[in-house]
Amino acid sequence: MTQQARNWLLLAPAGTLFLVMLIIPLTVVLIFSFGERAPSGGVVPAFTFEQYANLPARWTAFKNTMTLAPVGTLSALIIAYPLAYFLAVKVDSKWKTILLVMVIVPFWTSILIRSYAWIFLLGGRGIPMVLDWIGIEGVRLINTPFAVLMGIIYGYLPLMVFPIFVSLDRLDKQLLEASSDLGAKPWRTFLQVTLPLSIPGIATGCMLVFILLMGEYLIPALLGGGKVFFVGNALVDLFLQSRNWAYGSAVAVALIVVMLITITFYMRLIGRLGTSRDDVSIM
Amino acid sequence: MKSKAYDSESQSVDRNVIAELRDVSKSFGDVLAASDLNLSIGEGEFLSFLGPSGCGKTTVLRILAGFEVPTKGEVLLDGEVVNGLDAYNRPVNMVFQQYALFPHMTVTQNIGYGLRQRRPRLSKTQIVKKVTKALDVVQLGGFENRRIWEMSGGQQQRVALARAIINEPKLLLLDEPMAALDRKLRKEMQIELQNLQRQLGITFVLVTHDQEEALSMSDRICIMREGHIVQVGSPQELYDRPKSRYVADFVGTSNFFSGKITNLTENLVSVLLENGMSMQGILGGELTVGQDVCISIRPEQMRLHRQGDGLTVKVLNRIFLGEHTEYLVTHGTLGDFLVLSPRQSELNDVPFNRGDEGLVSWDSSIALILENN
Ligand SMILES: Nc1ncnc2c1ncn2[C@@H]1O[C@H](COP(=O)(O)OP(=O)(O)OP(=O)(O)O)[C@@H](O)[C@H]1O
Ligand SMILES: [Mg+2]
């Protein structure tokens, strides 16, 4: 077998999967999006931009997604960074593994169950009731953007912690000593050495969380109670409830386009921030 | 601080004291990495710490740099106790063994790092000027905008050096900076480092476990063993007048014959060797009758010849070293030992071959009686 044949063989499983699960469905969705709704649901082949012209009707879903996804990503980052820093830099190595496992433990139960816990916590007999006792009355948390944001941060935190932890853990601690030796006070060492060298982790974490959030539907469905919904919820509705596949496909294509544009800008930004050879530029 | 730096051990040097350790100990859990260290470092001096792996050399440097707080004792810099002073407030810089250069910065940015931390701020032109000069000193002109990974090991070492010296520290600490370089480059860098030290007048404290490196570069060497300072002195002092077998063994090569002191007369001291022979020598320290000692004789202080008085030996091996020829010889009671014969006597005489018999002799006044440890 030639080297080239062997390379193809290595690529074959992933390539097949990619083709069957991604390329073909995407093509189908693209074709559908130019079609028309069949009277009984489903799609009639056509070539019309009608579905795309209709997109503004779903503006709220796009608006929610495009605000809560970045805000959720940033919030997760702000909470995850100190945690990852603590785990990677401050914790004694014998405790590291145990604490890391504790970060993942929530992943062992389904997001559905965990979100139900939040429904209770944020609902009438949870936090609002406690606030009531101490004299703060009339706070409503469930079915608000805040509730969705809490769910998002909670659900996606480990995904943000891990890449940042890895980049901070890999960081040569002698660089921090060198910085201190050269006269930098601790916070300047953080700004000039630790932070720049953890950008790859931040970039990976944000990318992961952001992309997944753009397609999120479970958390808004449970904690947003039909009031705060994402594009994902709109898609579920269009495909499964109203069975308007053509319009659903157009919404899906629009979401993909928005995502591609955002990610392109994001990569540009990271590329400019990232400077060292073996980290950011590979993204 | 105008006091004279050194105790009797190294009378020859007299400089202002720039740094001092007073009864300094450092333990990590049960490991005593440094134990009751007392040492003065003179301004402009080139001092080396020499000792085997794990003897506490790095620990001493880290205490001086401010990365470790001593468990006991005082560290003084320029006459002031600095035990609690953070590394970033000390006028001390370090060249790390693995260089610890910042991978996200260019060569220039790395070298200018220390200057950028100064408050009040230095102007950009001042920084550029100093960086250019530092690049010049380490002969790295033209590499300004290179990334660290685009530099060879030797070049990286120079960047690390420039990054440290640009701050004009009172003390420059170097932790085995040449360990990662190949032999030829190491030799070159040793010479460059020595020139640089003279040129800048900065006090250098070097850690090494390479005795050749320590001997060739230092004004004084501090020999360490298991966290203790065993002896401090100029390279020549350590070579000629080691105070213990450990030092004689660590600095240069020597033949040792163990025994007990039987007689302490004025000049020569008699030692009864373990094998029953009696030998004479001079005292290399304060020793008493009955003490376990060894006699140390350097191979080049022994002569191998065919005529006259001497111990009859048989040549086991002969190694030609250019200027010298090294013979491994054996004697009925003394066992195997080394004799170094200079080129000249090799030319005058017929050289010895393996299996030849010969006579070995030495001057009893150079046979050093040392503590046997
Ligand atoms: N942070 C630490 N925690 C525990 N033990 C340590 C620590 N640092 C050093 N030691 C111990 O202290 C002793 C001295 O270590 P040190 O690094 O000073 O040796 P060294 O002379 O520099 O050795 P080498 O030539 O191998 O670099 C060793 O036994 C080492 O294991
Ligand atoms: Mg060391």
Side-chain angles (χ1 to χ4, degrees), chain A residues 81 84-85 88-95 163-164 166-205 267-283, chain B residues 29 58 61-62 64-68 85-106 109-122 134 145-151 156 159-169 171-175:
Chain A
Y81 197 94
Y85 182 84
V89 182
K90 299 287 177 190
V91 169
D92 197 284
S93 55
K94 60 178 175 232
W95 289 102
I164 300 176
V166 171
S167 69
L168 285 172
D169 196 45
R170 247 186 6 186
L171 186 118
D172 181 2
K173 304 298 177 289
Q174 231 171 42
L175 294 179
L176 308 182
E177 285 187 345
S179 169
S180 172
D181 186 62
L182 292 164
K185 295 197 169 58
W187 69 274
R188 293 198 41 97
T189 295
F190 175 78
L191 288 179
Q192 296 175 101
V193 181
T194 315
L195 190 60
L197 288 175
S198 60
I199 284 178
I202 297 177
T204 312
M267 299 256 259
R268 286 257 176 86
L269 180 74
I270 294 297
R272 204 169 311 151
L273 282 178
T275 39
S276 90
R277 174 186 57 169
D278 51 359
D279 38 48
V280 185
S281 47
I282 55 165
M283 283 189 49
Chain B
T58 299
L61 274 205
R62 293 176 57 83
L64 286 169
F67 298 136
E68 307 283 2
L85 199 64
D86 290 305
Y88 51 84
N89 282 326
R90 293 194 188 192
V92 171
N93 286 117
M94 182 144 164
V95 176
F96 291 81
Q97 184 165 351
Q98 306 301 331
Y99 312 143
L101 297 171
F102 303 120
H104 58 303
M105 296 181 191
T106 61
Q109 287 167 333
N110 262 283
I111 295 176
Y113 192 88
L115 297 178
R116 292 202 302 277
Q117 312 311 317
R118 296 252 183 103
R119 296 294 178 275
R121 284 174 190 277
L122 296 180
N145 295 318
R146 286 269 193 115
R147 294 277 171 190
I148 296 309
W149 65 78
E150 295 167 343
M151 311 281 282
Q156 289 187 17
V159 177
L161 205 58
R163 188 177 70 169
I165 60 172
I166 198 170
N167 306 297
E168 295 165 22
L171 216 55
L172 183 71
L173 310 172
L174 303 116
D175 193 356

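Chain naming here is simple, since letters A, B, ... match the order of the sequence lines and numbering starts at 1 in each. Since we're looking at a predicted model, the values are computed, not measured.
- Residue B:Met105 comes nearest to A:Gln192 through the heavy atom pair CE-O, 3.7 Å, listed as atom of the first residue, atom of the second, then distance.
- The choice from A:Glu177, A:Gln174, A:Lys185 that makes the most heavy-atom pairs within less than 4.5 Å of chain B is A:Glu177.
- Between chain A and the residues B:Ala100, B:Gly66, B:Pro91, the most heavy-atom pairs under 4.5 angstrom are made by B:Ala100.
- Note that the CZ atom of A:Arg188 and the CZ atom of B:Arg119 stand 4.0 Å from one another [nearest 0.5 Å].
- Interface check for chain A: of the options B:Gln117, B:Arg90, B:Gln98, the most heavy-atom pairs under 4.5 Å are formed by B:Gln117.
- How far CZ of B:Phe67 is from OG of A:Ser180: 5.5 Å, rounded to the nearest 0.5 Å.
- Contact tally against chain A (heavy-atom pairs below 4.5 Å) for B:Arg62, B:Arg118, B:Arg116: the top residue is B:Arg62.
- Rounded to the nearest 0.5 Å, atoms CG (A:Leu195) and NE2 (B:His104) are 9.0 Å apart.
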Evaluate the side-chain contact (heavy atoms from CB on, under 4.5 Å) criterion for residues A:Asp172 and B:Phe96: first the C-alpha distance (whole Å), next the side-chain angles of each, then the deciding distance (0.1 Å), finally the verdict.
CA-CA 12 Å; A:Asp172 181 2; B:Phe96 291 81; over 6 Å; no
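- Contacts of B:Leu101 with chain A are made by backbone atoms alone, with heavy-atom separations under 4.5 Å and no side-chain atom involved.
- Across every non-hydrogen atom of B:Asn167 and A:Leu182, the tightest pair is ND2-CD2, 3.4 Å.
- Taking each heavy atom of A:Ala184 and B:Tyr88 in turn, the nearest pair found is O-CB, 3.4 Å.
- A:Val193 and B:Tyr113 get closest at one heavy-atom pair: CG2-OH, 3.5 Å.
- Considering OH of B:Tyr99 and CG of A:Leu175, their distance stands at 14.5 Å, rounded to 0.5 Å.
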